[in-house]
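Accompanying notes for the structure given below.
We count residues from 1, following the sequence as given.
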Amino acid sequence: MSSLPMRTSEPAAGTAPGTARGPARRRRIAPVPTLVLLLGALYCLLPVAWVVVASTKSGRELFSTFTFWPGTGLAGNLSDLHAYRDGVYWRWMGNSALYAGLGALLSTCVSAFSGYALATYRFRGRETLFNVLLAGVLMPPVILAVPQYLLLAKADLTDSHLAVLLPQILSPYGVYLARIYAAAAVPADVVEAGRMDGAGEWRIFTRIALPMMVPGLVTVFLFQFVAVWNNFLLPYIMLSDDEKFPITLGLYTLLEQGANTPALYTLVITGALLAVLPLVALFLVVQRFWSLDLLSGAVKS
């Protein structure tokens, strides 16, 4: 009985001889970069974990128990925070939502118009104007706070909601991002095709360019919302009526009073925890929308 010859399979094209054609080999984990990233994550998350745990403690437990041992006073802290000065904390939260939401929306609109114009149109002084915007990105906000206060004081707008909203509308960094994204996402051929079809410039922007720029504008909105929500210096300079305070300035006043009334420390910690939740929720919602929009854009392209 003769044995049948065994057929050997040839290696696939592009693969070296002797290389297995199974699943892709697992990548080796670089220990040093991974350790650095873990330390960075720990550095960022440790204060958040402390706030979460400390908000569950009563005033007595806050100073007498282990730092990361949960307490039993969360419900009482929430009740005390709600009752403090007839619920002024929620007015501060509403003010922050107004400043950050409306300010980020207006800033995103201005950034979209400006970025699209700088990326699409050719006019004298365009690069000079863009360089001035880049200089504005590099300039610290603390340098502009006092001149902005003097300008708004001349217009008799200090100690008002507009005093916090108006300086936030123009964001050099937002215009920069919108310009870079519009130059990459909006092809010049598409704009020219719209003009040849008889569409006006406004129609081209709203119906053609704007949908292409949505993922970048979502990023601008998120950055600006977080920046306005966390802003402390501008409201501190502009506002004197605590009914108009944002949450950052309101918690600061509570912290100052806590030096004489230690019981207010628990309100500050609980208020800080609640102030973080809208940012977390917004980031999760926007990130999902951003990812879906990027995927749909990739499929369309």
Side-chain angles (χ1 to χ4, degrees), residues 43-52 54-55 62 77-78 80-108 139-149 152-153 157-171 173-174 220-284 286:
Y43 176 80
C44 295
L45 295 177
L46 194 61
V48 179
W50 180 86
V51 170
V52 172
S55 63
L62 184 62
N77 293 338
L78 292 174
D80 293 341
L81 184 65
H82 175 73
Y84 179 74
R85 288 185 52 193
D86 297 327
V88 69
Y89 176 83
W90 303 112
R91 283 195 290 274
W92 295 339
M93 287 282 281
N95 292 334
S96 288
L98 173 65
Y99 298 144
L102 185 58
L105 181 61
L106 294 176
S107 178
T108 303
M139 188 171 296
V142 65
I143 297 178
L144 302 176
V146 174
Q148 288 170 347
Y149 173 80
L152 292 173
L157 291 176
T158 55
D159 197 23
S160 66
H161 292 92
L162 289 177
V164 181
L165 277 173
L166 291 178
Q168 310 288 348
I169 293 178
L170 179 59
S171 171
Y173 186 61
V220 172
F221 177 84
L222 178 61
F223 284 171
Q224 191 66 7
F225 186 96
V226 174
V228 178
W229 185 276
N230 293 330
N231 194 3
F232 170 80
L233 180 63
L234 185 65
Y236 181 75
I237 294 176
M238 294 293 183
L239 302 175
S240 58
D241 183 7
D242 63 354
E243 295 287 334
K244 301 182 180 71
F245 283 179
I247 191 63
T248 52
L249 192 54
L251 291 178
Y252 172 75
T253 58
L254 275 181
L255 186 62
E256 279 191 327
Q257 297 173 19
N260 299 322
T261 311
L264 294 179
Y265 283 135
T266 56
L267 301 188
V268 175
I269 296 172
T270 307
L273 175 63
L274 295 179
V276 173
L277 297 181
L279 295 180
V280 175
L282 176 67
F283 181 80
L284 293 176
V286 169

Contact check, side chains of [X] and [Y], non-hydrogen atoms, under 4.5 Å:
| X | Y | value |
| --- | --- | --- |
| Pro235 | Asn95 | no |
| Ile247 | Trp229 | yes |
| Leu166 | Leu157 | yes |
| Asp80 | Thr266 | no |
| Val51 | Val276 | no |
| Ile269 | Leu273 | no |
| Pro246 | Val164 | no |

Atom of [X], atom of [Y] and distance for their closest heavy-atom approach:
| X | Y | answer |
| --- | --- | --- |
| Pro278 | Met93 | CG-CE, 3.9 Å |
| Leu165 | Gly103 | CD2-N, 3.7 Å |
| Arg85 | Arg91 | O-NH2, 3.6 Å |
| Leu267 | Leu81 | CD2-N, 3.6 Å |
| Leu233 | Ala145 | CD2-CB, 4.0 Å |

Exercise for review: Apply the test side chain to side chain contact (heavy atoms under 4.5 Å, CB included) to residues Tyr265 and Leu254: give CA-CA distance (whole Å), side-chain angles for both, the deciding distance (0.1 Å), then the verdict.
Suggested key: CA-CA 8 Å; Tyr265 283 135; Leu254 275 181; over 6 Å; no
Do any N or O atoms from the side chain of [X] and from the backbone of [Y] form a donor-acceptor pair under 3.5 angstrom?
| X | Y | result |
| --- | --- | --- |
| Asp241 | Asp159 | no |
| Asp242 | Gly250 | no |
| Gln224 | Gln168 | yes |

Review point. Mind checking whether His82 and Tyr89 have ring centres under 6.0 Å apart?
Key: no
Practice item. Using a cut-off of 6.0 Å, state whether more than 12 heavy atoms not belonging to Asp86 lie near its atom CG. Key: no
Practice item. Report the C-alpha separation of Met238 and Gln148 in whole Å, then their side-chain angles, then the decisive distance to 0.1 Å, and conclude whether the side chain to side chain contact (heavy atoms under 4.5 Å, CB included) test is met. Key: CA-CA 9 Å; Met238 294 293 183; Gln148 288 170 347; 3.9 Å; yes
Exercise for review: List the steps, then state whether side chain to side chain contact (heavy atoms under 4.5 Å, CB included) holds for Leu264 with Tyr84.
Suggested key: CA-CA 10 Å; Leu264 294 179; Tyr84 179 74; 4.0 Å; yes
Check your understanding: Excluding sequence neighbours, so at least two apart, what forms ring pair (Phe, Tyr, Trp, His ring centres under 6.0 Å) with Phe283?
Key -> none
Review point. Hey, mind stepping through Phe225 and Thr108 against side chain to side chain contact (heavy atoms under 4.5 Å, CB included) and telling me if it holds?
Key: CA-CA 10 Å; Phe225 186 96; Thr108 303; over 6 Å; no
Exercise for review: Could you label the plane-to-plane angle of the His161 and Tyr99 rings as parallel, tilted or perpendicular, counting under 30° as parallel and over 60° as perpendicular?
Suggested key: tilted
